[in-house]
Amino acid sequence: MGDARVKAELLSGVDLAPVDALKALKQEADQLKSRRASMEALKGDFAEPVYRRVDADYARQLESIEKKAEPLRQQATAENGEIVAAMID
């Protein structure tokens with residue numbers, strides 16, 4: 001019983017903020033990808049320069065999201081390692 005309590009205490013200290021932030025970034029990226037796909041389907045309805053400009057903007061936004069996500073992934077991986085270590089001990 002005491003062992004379970006110690007593990008619970010260790011797990012309660014795990015920082016889930018990186019996971020929550022990654023979840024929000026994924027939702028944002030998914031929305032941008034959906035908009036980009038919709039725009040691609042309607043490509044003929046746009047002037048080519050407008051299409052290219054908007055597509056490039058979406059690409060930049062997705063790249064920005066990826067740059068924000070990378071350190072969060074590293075943090076989440078580290079937290080996962082702590083969880084696994086706590087569960088093994």
Side-chain angles (χ1 to χ4, degrees):
M1 180 75 162
D3 187 43
R5 186 175 302 148
V6 170
K7 286 183 181 180
E9 287 176 17
L10 288 171
L11 291 175
S12 70
V14 173
D15 182 11
L16 295 178
V19 174
D20 293 336
L22 282 168
K23 185 177 171 182
L25 288 173
K26 182 177 181 335
Q27 289 173 338
E28 188 178 341
D30 288 348
Q31 184 179 40
L32 285 169
K33 289 175 185 177
S34 175
R35 288 179 183 170
R36 204 172 182 191
S38 295
M39 188 182 71
E40 177 67 30
L42 300 171
K43 185 177 181 178
D45 295 344
F46 296 98
E48 185 64 26
V50 172
Y51 172 83
R52 284 196 316 262
R53 185 175 60 238
V54 173
D55 187 59
D57 183 53
Y58 285 155
R60 277 191 299 276
Q61 290 178 51
L62 287 166
E63 185 178 323
S64 174
I65 290 170
E66 183 58 35
K67 286 180 182 178
K68 291 176 190 174
E70 186 52 37
L72 293 169
R73 280 191 202 100
Q74 291 172 2
Q75 286 178 299
T77 299
E79 290 293 331
N80 185 57
E82 290 180 27
I83 292 170
V84 171
M87 297 307 290
I88 291 173
D89 288 341

Hits for side chain to side chain contact (heavy atoms under 4.5 Å, CB included) against Ala47, two or more places apart or cross-chain, chain-then-number order -> Pro49, Val50
For Asp15, the salt bridge (Lys or Arg N to Asp or Glu O under 4.0 Å) test, sequence neighbours excluded, returns none
Result block: side-chain N/O donor-acceptor pairs under 3.5 angstrom for residues 37-45, not counting sequence neighbours:
residue, atom, partner, partner atom, Å
Ser38, OG, Ser34, O, 3.1
Glu40, OE1, Tyr51, OH, 2.2

Which pairs would a plain distance check flag for residues 18-27, meaning a side-chain donor or acceptor within less than 3.5 Å of a matching protein atom at least two apart in sequence or in another chain?
residue, atom, partner, partner atom, Å
Lys26, NZ, Asp30, OD1, 3.4
Lys26, NZ, Asp30, OD2, 2.7

Residues at least two apart in sequence or cross-chain that pass side chain to side chain contact (heavy atoms under 4.5 Å, CB included) with Gln61, listed by chain then number, are Leu32, Asp57, Tyr58
In short, salt bridge (charged side-chain N to carboxylate O under 4.0 Å, His left out) pairs touching residues 66-78 with sequence neighbours left out are Glu63-Lys67, Glu66-Arg73, Glu70-Arg73
